[in-house]
Amino acid sequence: EASPGAATSFGLARDGNLAGYGYAVEHGGFIAPLAAYEPADQLPILRMCAEWLFDHGVATGSIWVLSHNATIMTALLAAGWRINGWSFLLASEPFGKFDRYHPAGGMLL
């Protein structure tokens, strides 16, 4: 049985290459970070994380997603997740490809 602080990581491989990765933390049901080379590849990684949390008895989860990430936002909202809080990411110049990445907390600030 997993401890309250159990965490795991997942990788998505294609043709022997890493296509993306994600992490899930049992305590608080937190998923972060999650990244993929192709935006659509985030979805199977998100499913892996969510199924792992479900298998560990986690009924409520959380994930920080930037609004630029339509792939993840659309999937979560369609699955019944709701926006319960927000934060801000400020930059003086464009950076990052947030359509295929969501960070863990404010690590980019």
Side-chain angles (χ1 to χ4, degrees):
E1 182 164 316
S3 68
T8 194
S9 60
F10 300 92
L12 179 66
R14 183 174 294 108
D15 300 323
N17 296 311
L18 183 65
Y21 67 90
Y23 294 87
V25 179
E26 183 180 3
H27 183 72
F30 193 61
I31 298 172
L34 189 148
Y37 285 104
E38 297 296 327
D41 284 339
Q42 296 171 106
L43 299 178
I45 301 166
L46 178 61
R47 179 171 294 281
M48 287 183 242
C49 292
E51 287 176 352
W52 183 85
L53 290 170
F54 181 80
D55 290 345
H56 285 82
V58 177
T60 305
S62 63
I63 184 172
W64 289 43
V65 181
L66 296 167
S67 59
H68 286 54
N69 191 327
T71 302
I72 294 289
M73 289 290 287
T74 301
L76 291 173
L77 292 173
W81 285 55
R82 63 181 188 268
I83 298 169
N84 224 9
W86 63 91
S87 184
F88 296 95
L89 174 67
L90 302 175
S92 60
E93 295 181 22
F95 69 96
K97 294 189 178 190
F98 293 120
D99 63 331
R100 63 200 76 188
Y101 175 73
H102 89 80
M107 68 183 191
L108 296 177
L109 298 179

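- Atom-to-atom distance recorded for N69:CG and T74:OG1 is 8.5 Å, nearest 0.5 angstrom.
- Contact between I63 and F30 at its shortest, heavy atoms only, is CA-CE1, 4.3 Å.
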List the atom pairs, with distances to 0.1 Å, where a side-chain N or O of residues 10-19 and a protein N or O form a donor-acceptor pair under 3.5 Å, not counting sequence neighbours.
from	atom 1	to	atom 2	distance (Å)
R14	NH1	D41	OD2	2.9
R14	NH2	D41	OD1	2.8
R14	NH2	D41	OD2	3.3

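- There is a path of hydrophobic side-chain contacts, each under 4.5 Å, that joins M73 to W81.
- Remark: L53 engages A24, I31, V58 in a side chain to side chain contact (heavy atoms under 4.5 Å, CB included) (not counting sequence neighbours).
- Taking both residues in full, the closest heavy atoms of E26 and H56 are given as OE2-O, 3.5 Å, listed atom of the first, atom of the second, then distance.
- Atom CG of L46 and atom CG of L34 lie 6.0 Å apart (nearest 0.5 Å).
- When all heavy atoms of T71 and P39 are compared, the pair lying nearest together is CG2-O, 3.4 Å.
- Between Y23 and P33 there is a side-chain heavy-atom pair separated by less than 4.5 Å.
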